[in-house]
Amino acid sequence: MQRTLTVLNVAEKNSIAKQVSAALSNNSATRGNSCSNFNPVFCFPYNLNGTPCEMLFTSVAGHLMELDFPENFKKWHSCSALELYTAPVVKKVPQDKKAIERNLTEQARKCQWLILWLDCDREGENIAFEVIDVCLKANPWLVVKRAKFSALVRRELERSVQNLVLPDENASKAVDARQEIDLRIGASFTRFQTLLLQDKFNWEEHGIQNEKPVLSYGPCQFPTLGLIVQRQWEIRAHVAEPFWYIYAMYRAPEGQSCVLHWQRDRLYDHTIATILYETCVDAPMATVTKVDARQKLRFPPLPLATLSLQKEAITHLRLPGERMMKLAEELYQEGFISYPRTETDVFDPAYDLKALVREHLNDPRWGAHAQCIDSGEMWATPRGGGHDDHAHPPIHPTRWSAPDANQGWHPDKRRLYEFIVRSFLASCSKPAVGFETQVEFAIAAESFRTTGLMVRERNWMEVFPWARWGGNDNLPPFDLNQTFMPTELLLKEGMTQPPSKLSERDLISAMERHGIGTDATTADHIQKQLDRGYALKDAAQLFYPTTLGEALVASYHKMGLSNLWQPTLRATIELNITEVAGGRRAKQEVLEEAVQHFRGDFIAAHERSAVMMEEVGQFFNRRAGGGPGDAAGELPPGDPMGTCASCGLNLMLCKPAEGTPFVACSGAPLCRQRVYLPRATVAADISDQPCNACHNRAVRKVSLRLRRAAIPPGYDADIVVCVLCDQRFKDLCDACGTARPPGQRHNHGPPGGGGRRAPAGARGRGPAGRGGRLRGGTRRGRGQGRERSARGGAGVDGRGGQPNRGQRRRRESDDDEEEHSRGRGRGRTAPRGRGGGQGPGGGAPNCPRHSQPCLVMTSNSAANPGRTFFKCAHPTEAQDCLHFMWEDEWNGQPLGNARGGRSGSRGGEGNRGRGQRDAGRQPPAGRGHAGGRLVNAATGLPLEGGGGTCFKCGQPGHWANACPNR
DNA sequence: GCAAGGTC
């Protein structure tokens, strides 16, 4: 008789275990005992390639293990951050997964085989090896197999279980490498920048609530921040340019109308635009040169994957990604939607979609549409987007929720459910049908075009109210060679606008493009920007960096380490570990290479930490008592004399301008290795003698000249010693005491020798306030004087997209004449270059909100040429401060209310709001059309007869390029 | 007090 095999099956989550068990057992699986409440064991008999089996099917909950440093490296002061590149790492089951581990252990003991049903991706392979590790410890005789499945349907699952393979060790090793790289660089740089900056600056000044914030670094979170900061720099670097275009409009006698779009779009040369415009004005009759009418289809949305759902939810429901995922998780747990973390956007052909549609036949909101799909009248097979993670179907509704049954749901949850249902029904519906007409025209020698669209069958758009198929449905009828007189024919002026701030949708797309994070973690990385105080969202939900976020990114840029925040960072890591997954390179080789690479960056950052202090000081004021003298750059000058045993950087013999020399690590303040010399020291120099006892650290001995009267009998006044290990030196320190520079409370002394090691909390701290306040003040002064470079181009060190730091101070400064005169030359509204003063005679009023002097500007607009106004220069708001007032309307008093008393929005001046982007500015006197005659829009004078009317001043008799009134 | 990746 054939012996029954007991097989342990493990899935990545309970829902998979449940579904696979149900499919393989024909819904006859029973529940067995499990130590883990959320990971039951399903039991059923099964025939595996002719062998009768007792299947035990259980699950884990994602990763079973975590990678971390051992306890003795976990405390931040237990080691130098540099040691985190060489410290051991351990993989272990965390406390909250112990029950799952126990369950696996118990089940493994009963079984002969182990079949792994983890998700079919790299992380799944890695989790598989975590499960193997636990199970083999419990039962070393287990036969281990891997089931590879591409859909959760019976046929596919049976194919998979009858064709078991081995787990992919290379894929798992690639994840091991990624985990270790992430851990080492994340922990080391987080500790580095937090310990360096945390207690040195007044974070509260710029809205950071935490007095001592943790300044985390991560290979996903920093490139995400980099995207936000980079966009901010692009916006700031933008120089607005004027452009001109011909605008023509036609209103038919029957009331239909259309805009005729110039084929040249826009010209940046005013003279040429004017000449072309004038040729049109001289022969304004328009001729239809082409009419093209055809049917057009608009296809329904693709089935939803995680990131596409996030993007849609943000756009249509205004739900941030992280919030959306929480609600989707709830809906999934309650059985209303399918698994919400998936890359798949194509339904398996075997999926019974009609059955899902039938769930909704009785719904009062979309039931009628569902019935049309079910009857076949509206049905169309959903399109596929070409992505399949082979573990989950696209996100879709699995159960109907009647409108009165979900009253207890949060409104956002109801909206999300409705969106998923409508999106699913839309994806199963026929495409919308429209009729598009494209017409081309000629006015003089210039070409124009317009498009009209009539939607004839809305189909999927009926059930998807968020759909827009914009187009002019009021197009006048046109025939080939038809002629007509345009109702309006104008030369309009516009200004190029900077790119907009990033929306969450933009950010997700950019992260997706650069491979930053996964579909399951993208929202977390974005949320982290907000939680850490690195970025904010404005009223329009657009992201912009906080002062802190920008300061950090600018710091790494200044240190020459932009690769640590640029969006390519993650892709570079991924590229390397993909080599491991593909078996082309060994894990250890790739790992060591990456760790050494980032260690090099870390050392560079460490050595340039003074640059980081300086750069952050451009944005924040120093905190009084914030650990002066601690930055690496504040060590007195010195020469290297060996390698620091603690962190691997250089030990320096430092010679302060006053006081006794001492030995310190160049990695100060993070590395606190320091040796003070005996009080009797008169002079100290590095000798050319190496210390043999410290040979592997290349330490050289120090030659000391001592005051004879201050040393005990028996010692020479001139000695050459190793200050790290020489017993004579330690004895001298004990006998004489050690000399420490002013401000050092504690004497570290030589290691293991006479000097006492200070308590961790007090080590390395100088007297409160020394240097900090002074440095803060002088930096601010320098910042103002030095940063003359103007906004845009000149303000970015000659390279586009680089930081334009200290912009706030630059705007406040009074030395921007170069920028201002250039602005006038371009015909822009420009600051006049005074400001900063107070009172009627002294310049500008203070902005009542920001308590800083307004800029004094001169308007170049056609409506108010040369008129002076004030505007607030505050730049770090979500949108620039809107305080604005004409000078001649100011009574010399401070501006009063939120809009500045009689002041107004500056929307009409200079920097226009987003809503006005690229909107053409109509000149004061353009040309119009009334009663079939071209007229001057401002004066009403007829234009027939040639001769020209200047669009600049509105007077007839000359063209604009020869205007005497300009 | 650090990462990112699973999952809940």
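Being a predicted model, the structure only gives us computed values, none of them experimental. Just so it is clear: chains get the letters A, B, ... in the order the sequence lines come, proteins before strands, and each one is counted from 1. Hydrogens, waters and symmetry mates are skipped; everything else that's a heavy atom, side chains included, is used.
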Check A:Asp68 with A:Lys74, please: is the shortest side-chain N to carboxylate O separation under 4.0 Å?
yes

Would you indicate what A:Arg532 reaches in the nucleic acid, counting non-hydrogen atoms under 4.0 angstrom: base, sugar-phosphate, or nothing?
sugar-phosphate

Assign A:Gln179 to base, sugar-phosphate, or nothing according to its heavy-atom contacts below 4.0 angstrom with the strands shown.
base

Using a 4.0 Å heavy-atom cut-off, does A:Ile181 contact any base of the nucleic acid, only the sugar-phosphate backbone, or nothing at all?
nothing

Check every strand shown and say whether A:Gly124 touches a base, only sugar-phosphate, or nothing at a heavy-atom separation below 4.0 Å.
nothing

With sequence neighbours left out, what residues match A:Lys148 under salt bridge (charged side-chain N to carboxylate O under 4.0 Å, His left out)?
A:Glu125

Base, sugar-phosphate, or nothing for A:Lys326, non-hydrogen atoms under 4.0 angstrom?
nothing

Give A:Asp119 one of three labels, base, sugar-phosphate or nothing, depending on what nucleic acid heavy atoms sit under 4.0 Å from its own.
sugar-phosphate

Remember a base hit wins even if backbone is also touched, and classify A:Phe189 as base, sugar-phosphate or nothing at under 4.0 Å, heavy atoms.
nothing

Shortest non-hydrogen contact between A:Arg122 and A:Thr578, atoms and distance:
NH2-OG1, 3.0 Å

Contact class for A:Arg184 vs. all strands (heavy atom < 4.0 Å): base, sugar-phosphate, or nothing?
nothing

Checking all strands, does A:Asp68 fall into the base, sugar-phosphate, or nothing category for heavy-atom contacts under 4.0 angstrom?
base

Using a heavy-atom cut-off of under 4.0 Å over every strand shown, decide if A:Thr194 touches base, sugar-phosphate, or nothing.
base

So what does A:Tyr339 touch, heavy atoms closer than 4.0 Å: a base, only the sugar-phosphate, or nothing?
sugar-phosphate

Just call it for A:Glu180: base, sugar-phosphate, or nothing, with non-hydrogen atoms closer than 4.0 Å on any strand.
nothing

Salt-bridge test for A:Glu322 and A:Lys326: reply yes if a basic N is under 4.0 Å from a carboxylate O, no otherwise.
yes

DNA chain B: 5'-most and 3'-most nucleotides touching chain A, 4.0 angstrom heavy-atom criterion:
B:dG1 to B:dC8

